[in-house]
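Report on the structure given below.
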There are 2 protein chains.
Amino acid sequence: MAAQPRYEDLGRQLSAIGAVKRELARSLPVECPAGSAAVLALLGKYGEMRMSRLAELLAVDMSVTSRHVAHVADRGWIERSPDPDDRRSRILHLTPEGSDMLRTLSERHTAALAHYLRDWSDDDVDQLSALLTKLRNSFGDCRPARSHTSPTRTPA
Amino acid sequence: MAAQPRYEDLGRQLSAIGAVKRELARSLPVECPAGSAAVLALLGKYGEMRMSRLAELLAVDMSVTSRHVAHVADRGWIERSPDPDDRRSRILHLTPEGSDMLRTLSERHTAALAHYLRDWSDDDVDQLSALLTKLRNSFGDCRPARSHTSPTRTPA
DNA sequence: TATTGTTATACTCTATAACTATA
DNA sequence: TATAGTTATAGAGTATAACAATA
């Protein structure tokens with residue numbers, strides 16, 4: 001439990017992160033916006049998976065995931081194979097072209113971060129990464145599984 | 001300077017923060033989306049200022065700032081007074097209604113964070129806040145002031 | 001000429017809801 | 001009935017470029 005000004009400050013820093021993300025996104029190829037890059041990165045790291053798992057890793061609704069996936073599939077970077085265990089599902093996996101693209105993305109991403117964070121210690125990078133993971137978990141824990149009954153947004 | 005996997009991981013955590021921001025945004029009044037809330041918060045913290053300074057604090061283009069400001073001005077939460085020193089400029093300041101709204105926002109924001117971060121130590125909150133500030137500065141430092149000659153985005 | 005701010009336009013990302021097809 | 005995934009629609013946020021007024 002922390003005092004109010006502590007939270008206010010954290011809130012401000014959180015909103016300002018948008019600028020950092022946008023700056024990083026500038027290094028992406030035109031054909032591959034951030035959403036697509038995230039799909040490729042996760043498939044590269046965890047290997048083939050179903051839509052639902054990808055949506056969870058991306059931390060967005062499955063409808064959104066579906067669009068990102070369609071985008072990268074249209075460009076031949078991934079394939080959607082039928083799932084033998086459940087014919088409603090599809091298994092996603094990188095194609096060789098997808099792996100190539102991912103390599104490019106990874107190089108650019110690393111180069112950009114290496115540039116901007118050139119005076120950061122390894123410890124600082126690790127610590128920030130760890131705290132962000134913890135933050136995400138703290139929020140994920142409490143988030144109710146999406147229900148069919150509705151609204152969460154508080155009226156004015 | 002840090003190794004590649006370190007950066008990959010940080011990149012992933014950074015993109016996943018979106019979910020946290022969206023979750024926090026759910027506690028906002030319908031009339032007051034995140035952009036408006038940010039405007040009020042900054043005017044509340046730093047006092048009256050010009051558009052250009054607000055844009056810098058928000059870390060977005062002034063055209064975007066202009067729209068957010070128009071939204072909150074339309075609702076009577078801020079006023080735009082002429083700047084006696086430079087008639088191109090306008091000075092922004094909270095109205096009493098704006099201060100009321102800001103109080104509400106602040107309460108909800110704090111309550112939400114207090115809930116989600118209930119098992120965080122004060123130190124963790126401070127550390128995350130400090131690292132995010134540092135991150136933002138590292139990016140801000142290198143960002144070239146917006147030029148009239150153009151493109152930054154790398155072609156595929 | 002350069003700068004402050006506004007507006008028009010276009011693009012990305014997101015969620016909700018309705019729908020299809022399986023289970 | 002319930003779940004996996006798709007699509008249609010709508011809304012928030014952003015940037016670029018063209019513009020007006022002033023410096």
Side-chain angles (χ1 to χ4, degrees), chain A residues 15-26 28 30-39 49-56 58-71 73-74 80-92 143 145-153, chain B residues 15-26 28 30-39 49-56 58-71 73-74 80-92 143 145-153:
Chain A
S15 15
I17 296 305
V20 170
K21 292 169 68 173
R22 291 194 297 280
E23 184 62 27
L24 284 175
R26 283 180 207 280
L28 295 173
V30 176
E31 281 282 279
C32 184
S36 302
V39 168
M49 65 182 77
R50 311 201 319 178
M51 291 286 311
S52 50
R53 176 150 186 243
L54 182 57
E56 197 180 317
L58 286 171
V60 298
D61 192 87
M62 194 150 59
S63 66
V64 176
T65 306
S66 184
R67 287 188 28 150
H68 289 328
V69 163
H71 182 93
D74 286 350
R80 293 179 274 198
S81 321
D83 179 344
D85 295 340
D86 183 340
R87 288 199 332 235
R88 293 171 303 181
S89 272
R90 306 221 247 174
I91 308 272
L92 313 173
R143 187 168 41 188
R146 185 179 166 187
S147 75
H148 16 78
T149 51
S150 52
T152 15
R153 186 140 173 177
Chain B
S15 20
I17 296 305
V20 169
K21 291 170 70 173
R22 291 194 297 281
E23 184 62 26
L24 284 175
R26 283 181 207 280
L28 295 173
V30 176
E31 280 282 280
C32 184
S36 302
V39 168
M49 65 181 78
R50 313 201 318 179
M51 291 286 311
S52 50
R53 176 153 185 239
L54 182 57
E56 197 180 318
L58 287 171
V60 298
D61 192 86
M62 195 153 56
S63 66
V64 176
T65 306
S66 185
R67 286 185 30 150
H68 290 327
V69 163
H71 182 92
D74 286 350
R80 293 179 273 198
S81 321
D83 180 344
D85 294 340
D86 182 340
R87 289 200 330 235
R88 293 171 302 181
S89 271
R90 307 222 247 174
I91 307 272
L92 313 173
R143 188 167 43 190
R146 183 178 166 188
S147 73
H148 15 81
T149 51
S150 51
T152 14
R153 186 140 172 176

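To find a chain, count down the sequence lines: A is the first, B the second, and so on, and within it residues start at 1. Reckoned from all heavy atoms, side chains included, excluding hydrogens, waters and symmetry mates.
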Spacing between [X] atom [atom1] and [N] atom [atom2], to the nearest angstrom:
{"X": "A:Leu28", "N": "C:dC11", "atom1": "CG", "atom2": "C1'", "result": "14 Å"}
{"X": "A:His71", "N": "C:dT12", "atom1": "NE2", "atom2": "C1'", "result": "11 Å"}
{"X": "B:Leu24", "N": "D:dA12", "atom1": "CG", "atom2": "P", "result": "18 Å"}
{"X": "B:Ile91", "N": "C:dT4", "atom1": "CD1", "atom2": "P", "result": "13 Å"}
{"X": "B:Arg22", "N": "C:dT16", "atom1": "CZ", "atom2": "P", "result": "10 Å"}
{"X": "B:His68", "N": "C:dT7", "atom1": "NE2", "atom2": "P", "result": "15 Å"}

Go through the structure and list residues passing side chain to side chain contact (heavy atoms under 4.5 Å, CB included) with [X], not counting sequence neighbours.
{"X": "A:Arg53", "value": "A:Tyr46, A:Met49, A:Leu57"}
{"X": "B:Ala38", "value": "B:Leu58"}
{"X": "B:Ala16", "value": "A:Arg136"}

For [X], side chain to side chain donor-acceptor pair (under 3.5 Å) partners two or more places apart:
{"X": "A:His71", "value": "A:Arg75"}
{"X": "A:Ser81", "value": "A:His93"}
{"X": "A:Ser89", "value": "A:Arg50"}
{"X": "B:Arg88", "value": "B:Asp86"}

Using a cut-off of under 3.5 Å, enumerate the N/O to N/O pairs linking the protein to nucleotides 6-10 of chain D.
{"residue": "D:dT6", "atom": "OP1", "partner": "A:Arg80", "partner atom": "NH1", "Å": "3.3"}
{"residue": "D:dT6", "atom": "OP1", "partner": "A:Arg90", "partner atom": "NH2", "Å": "3.0"}
{"residue": "D:dT6", "atom": "OP2", "partner": "A:Ser66", "partner atom": "OG", "Å": "2.8"}
{"residue": "D:dT6", "atom": "O5'", "partner": "A:Ser66", "partner atom": "OG", "Å": "3.3"}

- State, to 0.1 Å, how close A:Met51 and A:Thr65 come at their nearest heavy-atom pair, and which atoms those are.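 Reported closest heavy-atom pair: CE-CG2, 3.6 Å.
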- Residue closer to the 5' end of DNA chain D, A:Ser89 versus A:Ser15 (nearest nucleotide): A:Ser89
With 3.5 Å as the limit, what N/O pairs link the protein to nucleotides 18-23 of chain D?
{"residue": "D:dA23", "atom": "OP1", "partner": "B:Arg87", "partner atom": "N", "Å": "2.9"}

